[in-house]
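As structure tokens, the structure follows; a few thoughts come after it.
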Amino acid sequence: MRIIGIDPGLRVMGWGVIEVAGSRLRHIDHGTCESEGDDLASRLLSLYRQLTEVLRVHAPDSAAVENTFVNRDGVGTLKLGQARAIALLVPAQAGLPVAEYAPNHVKKSVVGAGHAEKQQVAHMVKVQLGALTFRKADSADALAIAICHAHHMQSAANTRRVRAGA
């Protein structure tokens, strides 16, 4: 099964694709979609087109998107929410199931601590997927989201097996 993790952002949207076989995780690819244009609508359209192409090329089976956290800047939070809508829309339009995870849940799943620093997250992604180089932290975060989703799916499958055997 292939999972795409998406770290929403209006300027830079990170993405990472992994393959899951049992308990084994394998890195497929990662990168960023960087918005282009002078106004919000054209920037969102460029993110939409780029992310659509990523899904076309990598053909994931499932998607996971990080939830937006609310900060003091209401306008910034609203704009991030619009970019997050693109991150949800593109995989849904492709017919993929889309899971959502809070940032602290992703960090706890990958690092073991819900308030881990970005460097710790990137390090643990490298530990789990191999020696990777990240041009931007957004792609490391996206891979962490994909790993979190893989762990969640494995845990749910184990629970179903235990219940079926009980």
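Computed from a predicted structure; not experimentally measured.
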Contact list for residues 124-146, test ring-ring contact (aromatic ring centres under 6.0 Å, His included), sequence neighbours left out: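 Applying ring-ring contact (aromatic ring centres under 6.0 Å, His included) to every pair that reaches into residues 124-146, excluding sequence neighbours, yields His30-Phe134.
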
Mind checking side-chain hydrogen bond (donor to acceptor under 3.5 Å, both in side chains) for [X] and listing every partner two or more places apart, or none if nothing turns up?
X: Arg24; result: none
X: Arg26; result: Glu19
X: Gln50; result: none
X: Asn104; result: none

Identify whether [X] and [Y] are in the same connected component of the hydrophobic contact network (ILVMFWY, side-chain heavy atoms under 4.5 Å).
X: Leu96; Y: Leu89; value: yes
X: Val54; Y: Leu129; value: no
X: Leu44; Y: Leu55; value: yes

Qualifying residues under side-chain contact (heavy atoms from CB on, under 4.5 Å), relative to Ala144, sequence neighbours excluded: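 Scan of Ala144 (side-chain contact (heavy atoms from CB on, under 4.5 Å), adjacent residues dropped) gives Val106, Val110, Val121, Val125.
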
Check [X] against [Y] and note the closest heavy-atom contact, atom names and distance.
X: Ser139; Y: Gly31; answer: CB-O, 3.4 Å
X: Asp61; Y: Pro97; answer: O-CD, 3.4 Å
X: Ala146; Y: Gly5; answer: CB-N, 3.7 Å
X: Pro8; Y: Met13; answer: CA-CG, 4.1 Å

Option among Ile145, Val65, Val90, Val98 that satisfies the side chain to side chain contact (heavy atoms under 4.5 Å, CB included) test with Ile6: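 Running side chain to side chain contact (heavy atoms under 4.5 Å, CB included) over Ile145, Val65, Val90, Val98 with Ile6 returns exactly one hit, Val65.
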
side-chain hydrogen bond (donor to acceptor under 3.5 Å, both in side chains) pairs, two or more places apart, involving residues 3-17: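 The answer is none; no pair qualifies.
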
Sequence neighbours excluded, every pair satisfying side-chain hydrogen bond (donor to acceptor under 3.5 Å, both in side chains) that has a member inside residues 112-126: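 Of all non-adjacent pairs touching residues 112-126, those that pass side-chain hydrogen bond (donor to acceptor under 3.5 Å, both in side chains) are Lys118-Asp141.
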
With His149 via ring-ring contact (aromatic ring centres under 6.0 Å, His included) - residues at least two apart: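 If we apply the ring-ring contact (aromatic ring centres under 6.0 Å, His included) test to His149, skipping adjacent residues, the hits are Tyr101.
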
Residues forming a ring-ring contact (aromatic ring centres under 6.0 Å, His included) with Tyr48, sequence neighbours excluded: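 Per chain and number, Tyr48 pairs via ring-ring contact (aromatic ring centres under 6.0 Å, His included) with no residue.
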
side-chain contact (heavy atoms from CB on, under 4.5 Å) between Ile4 and His58, intermediate numbers included: CA-CA 9 Å; Ile4 184 167; His58 294 292; over 6 Å; no

Donor-acceptor pair, side chain of Arg2 and main chain of Ala59, under 3.5 angstrom: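 Not confirmed, Arg2 side chain does not pair with Ala59 backbone.
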
Heavy-atom side-chain contact between Met1 and Met153 under 4.5 Å: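 Answer yes - side chains close enough.
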
Ile18 side chain reached by Leu143 side chain, heavy atoms, under 4.5 Å: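 Yes; the side chains approach each other to less than 4.5 Å.
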
Return a table of donor-acceptor pairs under 3.5 angstrom between the side chains of residues 79-88 and protein atoms on other chains or two or more places apart.
from	atom 1	to	atom 2	distance (Å)
Arg84	NE	Glu66	O	3.0
Arg84	NH2	Asn67	OD1	2.7
Arg84	NH2	Glu100	OE1	2.1

Please tabulate, for side-chain N and O atoms in residues 33-43, each donor-acceptor pair with protein atoms closer than 3.5 Å (sequence neighbours left out).
from	atom 1	to	atom 2	distance (Å)
Glu34	OE2	Thr32	OG1	3.3
Glu34	OE2	Arg135	NH2	3.0
Ser35	OG	Leu10	O	2.8
Ser35	OG	Arg43	NE	3.3
Asp39	OD1	Ser42	N	3.0
Asp39	OD1	Ser42	OG	2.4
Ser42	OG	Asp39	N	3.4
Ser42	OG	Asp39	O	3.0

